[in-house]
Amino acid sequence: MSGIYLHSPGLVCALGHGIRHVRQALWDAAGPAGLTHTERYSPSRSLPLGEIQAALPSLAHVAPEFRIRNNAIALLALTEMRPAVDAAIARFGSDRVAIVVGTSTSGLPEGEAARRTLECTGYWPRGFSYAQQELGNLADFLAVELGVTGVAHVISTACSSGAKSLASGARLLNAAMADAVVAGGCDALGAFTVAGFSALEAVSAARCNPMSVNRCGINLGEGAAFFLMTREPGPVRLAGWGESSDAHHMSTPDPTGGGAMRAMQSALQRAGVPAGAVDYINLHGTATHYNDAMESLAVAQVLGTDVPASSTKPLTGHTLAAAGAIEAAFGWLTLVDNPRGVLPPHWWDGQPDPALAPLRLVAPNDSLGRAPRYMLSNSFAFGGSNASVLLGCA
């Protein structure tokens, strides 16, 4: 059983900034919040996107290569947890604190803007640095910003990155390569991302509708979530994690759900927890035809059809590399200070697809009637990169 604990989450997404605001919006039974319609990233086509509405902090104090929206989002997410990180550095030393974060966009939006300037003027804009687009930029920025000199690296496995960062952080702690780890994920919206998923005909023009017979694609979003991970007891334990690679197709999941099942089973086995102990599962739930079919089958095979389940992507959009970390943070909120076991609702049109396994989808105000014990969060990425994390109430 893993003795790894998740402390002091920092969180920002379309639902808001900070644990208190996000908790309130996540359980608001009045209706789904978060997404806004905009043409900002898709001229002449209005799309519902999970944009961050909070003002982002200035990056004027950092080197030009770090002045990107992705890093500003990360810095905002760190606000609440910064005192805990500073205390860990003071206690363990800067070389014993590690950074493991997931991202996929890095400075891509800034690269888009710089390219437009080059095309119009013949010159790259002042202050542009190609290093802004390096995938390792986020970890380098956080190391400089926090004053950390330990291990610092980025995981970029698309939509499983944020979840895999927690597993990687746990391995660093278990190997005594660090005494504390800042782990999570961050991604920013950009025109390239929206255009890419649109080219795959995977983007919905309305709020996404996971597990519905009427589902027609994803909504994209942005955000960040980080945890301070240590071996010292805290409110939530990373009880287990599982990773697999099915390598079925570049963008389509294995329809048998084999890789997804292996990831969930591995998380349960590592924790020594039976499937029946899981009180809630946060689905990957993208609302694409193939993902929902695969995931519902996999969940039914591993956990059965009675465990409460929901996709929170209709509230945040699919935040790509940040999704696994943000949804783990929703799991953290579900396990902490929740004596009635109120669960994150599954917002959809209520029209089930008879071809899918009949999961028990959480309705607004649904609760366990007791404090939850374990929750499982799934993240399944392009190329068959699968990750599941099991969180336990400590």
Side-chain angles (χ1 to χ4, degrees), residues 13-14 34-52 68-70 73 102-120 130 132-135 156-162 185-223 245-255 259 284-295 311 313-314 316-324 326 379-386:
C13 62
L35 304 188
T36 55
H37 277 263
T38 178
E39 296 183 11
R40 185 190 307 274
Y41 305 102
S42 53
S44 76
R45 185 188 183 200
S46 180
L47 291 172
L49 299 176
E51 282 191 289
I52 292 172
I68 58 176
R69 181 175 178 83
N70 204 47
I73 291 172
T103 194
S104 64
T105 59
S106 196
L108 189 58
E110 287 70 25
E112 295 168 4
R115 178 67 186 180
R116 288 193 295 269
T117 299
L118 177 65
E119 291 173 350
C120 292
Y130 185 78
Q132 292 173 345
Q133 298 181 99
E134 293 178 353
L135 285 174
S156 191
T157 54
C159 312
S160 62
S161 306
C186 179
D187 254 345
L189 279 166
F192 182 88
T193 305
V194 175
F197 279 90
S198 297
L200 293 172
E201 299 182 346
V203 175
S204 173
R207 189 182 295 269
C208 68
N209 202 2
M211 300 298 164
S212 168
V213 69
N214 301 311
R215 67 191 184 279
C216 59
I218 69 173
N219 307 133
L220 291 164
E222 62 184 356
S245 179
D246 52 52
H248 171 76
H249 187 271
M250 281 295 292
S251 60
T252 302
D254 176 1
H284 188 55
T286 59
T288 59
H289 179 79
Y290 292 113
N291 177 86
D292 287 8
M294 176 279 293
E295 186 173 18
S311 169
K313 287 182 172 66
T316 63
H318 191 348
T319 56
L320 305 181
I326 289 173
S379 299
F380 305 131
F382 280 179
S385 176
N386 309 301

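Only a predicted model underlies this, so the values are computations on that prediction, with no experimental measurement involved.
- Annotation: side chain to side chain donor-acceptor pair (under 3.5 Å) contacts of T193 (sequence neighbours excluded): none.
- The side-chain contact (heavy atoms from CB on, under 4.5 Å) check on P253 picks up Y290, M294, with sequence neighbours excluded.
- Nearest heavy atom pair, residue C159 against residue F380, reads CB-O, 3.8 Å.
- The side-chain contact (heavy atoms from CB on, under 4.5 Å) search around H289 returns R215, not counting sequence neighbours.
- Rounded to the nearest 0.5 angstrom, N70 CG and S106 OG are separated by 6.0 Å.
- Interatomic distance, S42 OG to L49 CG, rounded to the nearest 0.5 Å: 6.5 Å.
- Taken to the nearest 0.5 Å, the NE2 atom of H318 stands 10.5 Å off from the CD1 atom of I326.
- Looking at every heavy atom in both residues, S245 comes nearest to G383 through OG-O, 4.3 Å.
- In terms of the side chain to side chain donor-acceptor pair (under 3.5 Å) criterion, residue partners of S160 (sequence neighbours excluded) are, by chain and number, T157, S385.
- Using modelled atom types, no side-chain atom of K313 and backbone atom of C208 make a donor-acceptor pair closer than 3.5 Å.
- In this structure, the ring-ring contact (aromatic ring centres under 6.0 Å, His included) partners of F382, at least two apart in sequence or on a different chain, are F197.
- The distance from the OG atom of S311 to the NE2 atom of H284 is 8.5 Å, given to the nearest 0.5 Å.
- Within the structure, every pair that satisfies the side-chain hydrogen bond (donor to acceptor under 3.5 Å, both in side chains) test and touches residues 194-206, not counting sequence neighbours, is listed here: R45-S198.
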Just do the side chain to side chain contact (heavy atoms under 4.5 Å, CB included) check on L220 and L320 with the steps written out, would you? CA-CA 8 Å; L220 291 164; L320 305 181; 4.0 Å; yes

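- Partners of R69 according to the salt bridge (Lys or Arg N to Asp or Glu O under 4.0 Å) rule, which considers only residues two or more places apart in sequence or in another chain, are E222.
- Contact record, A322 with G223: CB-O, 3.4 Å, taken as the closest heavy-atom pair.
- A donor-acceptor pair is defined here as one N or O able to donate and one able to accept, closer than 3.5 Å; such a pair exists between the side chain of S161 and the backbone of A158.
- Between the side chain of E39 and the backbone N or O of S44 there is at least one donor-acceptor pair closer than 3.5 Å.
- Note that the CG atom of L108 and the OG1 atom of T103 stand 10.0 Å from one another [nearest 0.5 Å].
- With sequence neighbours left out, T288 forms a side chain to side chain donor-acceptor pair (under 3.5 Å) with T286.
- T105 places a side-chain N or O within donor-acceptor distance of the main-chain N or O of A188, the cut-off being under 3.5 Å.
- For R116, the salt bridge (Lys or Arg N to Asp or Glu O under 4.0 Å) criterion is met by no residue, not counting sequence neighbours.
- With sequence neighbours excluded, the residues that form a side chain to side chain donor-acceptor pair (under 3.5 Å) with S104 are D187.
- A search for salt bridge (Lys or Arg N to Asp or Glu O under 4.0 Å) contacts involving E51 returns R40, not counting sequence neighbours.
- To the nearest 0.5 Å, the span separating CG on L47 from CG on N219 amounts to 8.5 Å.
- Considering all non-hydrogen atoms of both residues, A14 and G34 come closest at CB-O, 3.5 Å.
- Partners of D246 by side-chain contact (heavy atoms from CB on, under 4.5 Å), not counting sequence neighbours, listed by chain and number: H248, D254, R262, N386.
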